[in-house]
Amino acid sequence: MSRSFGLHRHMYMGEEAPSVAVTWGQLRRVLRYFTPYWPQWVAILLCIAAMSGMGVIPPLLVRDILDDAIPNKNAHLLHLLVGAIVGLTIVSGLIGVLQSWLSTRVGQGIMDDLRNQLYRHLQSQSLGFYTTERAGEIVSRVNNDVGAVHQVASGTIVDIARNAMTLVATLVAMLSLNVWLTVLAIAVVPTFYLPTRIVGRIRHRLSRQTQEQYAELVAFMEERLNIGGMVLSKIFGRVDSEADQFAERSRGVADLNVKQAMAGRWLFMCLAVFSVAGPALIYLYGGHQAIKGALSIGTLIAFVALLTNLYRPVGQLANVYVNLQGALAVFERIFEYLDRRPDVKDRADATELVQVRGEIRFEDVTFEYPRAPRLAADGADETAVAAGRPALKDVSFEIAAGERVALVGPSGAGKTTVTYLIPRFYDPTAGRILLDGHDLRDVTQESLREHMGVVTQDTFLFHTSVRENLLYARPEATEEELVAAARSANIHDFISGLPEGYATVVGERGFRLSGGEKQRLAIARALLKDPKILILDEATSHLDATSEHLIQEALEVLLEGRTSITIAHRLSTVLNADKIVVLNEGRVVEVGSHKELLRNDGLYADLFDRQFGDAIEYAEAANGEARASE
Ligand code: ATP
């Protein structure tokens, strides 16, 4: 069992959420992010110590003014003391600026380290992670939670240190003035310490709920405020209901913020009441002492001035527990992602694939998609595997180097899944996939993917220029190579006709281009990469004859001299394929050439007839008419 501080982490849904103990191990893990900045921390602590020390001196100087300079009519001493008060305030202010600069830099540094670590880690996740997590949630963690780390590092921790040091310095100064008055001052502490603590806890809970509701609001917006979401909501006439849902969430955030602000008001009210009670008692007791001549006026005034220095830090330290808890919870949310082990990892002894011929072999490959992660009882991630049927079952087939393979099968047969396994977007659950005799799991992902090109139905383009989008495949490509690839993909003329040619910026997801144009751009991008193995997911949408022809020509150039695996939707693809792999319900049911498979009269013949029968009949009829008219 790991030791716990009794600090507990509030999990998601606020009040009723289970608390999880924060262990030494977790705290050590948080501290590891702070240690590279230890020289700055030392400097910050020295600054705080200096400021705390200086903070208690002015009241003592006031005492000397009242008890010494004025009664003794010593103008020189008066000037000196007033000058010292002003000087101390200026020096303390300057140290404060230095300390803010240091702590902001450290906070930003830690935040930067974490953000980069998290981004890298998110990049190493397999596709499974992105299909199971909400995009808004991922962005929110990188943005808000990592942002909150800055607040922890440059706010919470510095505040705790400042309050603790101020408290110690003030107590020392008070004791040096009068022991009994100090005892009296401390006696009042519990009366405002307890309410402050309670209010602090309420505020903390509210702030956690606000954060969660806000993340929910952001995720909602991310899903809807983009082209896909907008098209969907307009087409299905959901604009008003979406606005209502948004309003409800937004109101939730607003209400919580109001509650939080009001809880703050309670805190201030409590503090105001009790911070009057302290000085009142001091004046009462101290006043009597002064009347008796046992206490000087200067000491009494200095003591009351020091009281604020005592009560303010005590009030703030009352919430050190919840503040620390909140700070650790921020790290915890980030650790939840960092602890998510990528499903696809390079082996320690993985080799680099330098050259490939392009021979692929599936050996009894079974694959189940990972299920959405659950949070286990101990807060650790558990990526369970779907209990349903696997997407692929005992799939075996071979692709010779340079061969063109078409994948055919009904919807949901597993065609896309096959294409995901080849670049190792996922690893098989059982069986293995070999490339030129190497098990894919024995080579590094990067070197494997270097030899692969993917052209999908839904071409993704970044919101940048056409040139930048093409160069994404090979940043070092020359302008000539770029133009040559675009020419081969039948897209050069189109690009040249754009207002700014290759510098034209394509919209989010390339929405300003037509489907056919985007595809040809994707083909040009793949040509520029010049991979040995190509994975193609042909568009199901039917393009007009000209566009179809342009793409067909471009594809011919692209496929030349490469191993290719195509999810076939075009007649020409199946006719030109060297081999057709027919999948059904995750299994390979037939493999062969078009002619062989037609002769088999199995699923392929059936599918072919249904998908292309009309087209062939139409073509034959057209041919017949042409012959008749000759
Ligand atoms: P289509 O022609 O309709 O695109 P497909 O043959 O490409 O279909 P796949 O996308 O490979 O089929 O899907 C095979 C099976 O795996 C389907 O039953 C599908 O529901 C399931 N599946 C696909 N993606 C996931 C995923 N991310 N998580 C869980 N199951 C999935």
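One-based numbering, in listed order, for ligands and for the atoms of each. Quick caveat, the model's predicted, so the values are computed rather than measured.
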Quiz item: Can you tell me the protein heavy atom closest to atom 18 (O) of ligand 1 and the distance?
Solution: R389 NH2, 3.2 Å

Practice problem: Examine F367 together with Y369 and report whether their ring centres are nearer than 6.0 Å. | Solution: yes

Quiz item: So, F425 versus Y130, ring centres under 6.0 angstrom or not?
Solution: no

Quiz item: Where is the nearest protein heavy atom to atom 11 (O) of ligand 1: which residue, which atom, and how far?
Solution: T417 OG1, 2.4 Å

Quiz item: Which protein heavy atom lies closest to atom 23 (C) of ligand 1, and at what distance to 0.1 Å?
Solution: Y369 CE1, 3.3 Å

Quiz prompt | N or O contact, Y426 vs ligand 1, cut-off under 3.5 Å | solution = no

Self-check item: R361 with E359: basic N within carboxylate O range, under 4.0 Å
Solution: no

Quiz item: Hey, does the side chain of D436 reach the backbone of R357 with a donor-acceptor pair shorter than 3.5 angstrom?
Solution: yes

Quiz prompt | Donor-acceptor contact below 3.5 Å, side chain N116 vs main chain D112 | solution = yes

Quiz item: Does the N or O separation between A413 and ligand 1 drop below 3.5 Å for any pair?
Solution: yes

Quiz item: With no hydrogens and no angle check, is any side-chain donor or acceptor of R441 less than 3.5 Å from a backbone partner on R347?
Solution: no

Exercise. Quick one: look up the protein heavy atom nearest atom 14 (C) of ligand 1 and list residue, atom name and how far away it is.
Key: G412 O, 3.5 Å

Self-check item: G409 heavy atom under 4.0 Å from ligand 1
Solution: no

Quiz item: Would you say P370 has any N or O atom under 3.5 Å from an N or O of ligand 1, going by distance alone?
Solution: no

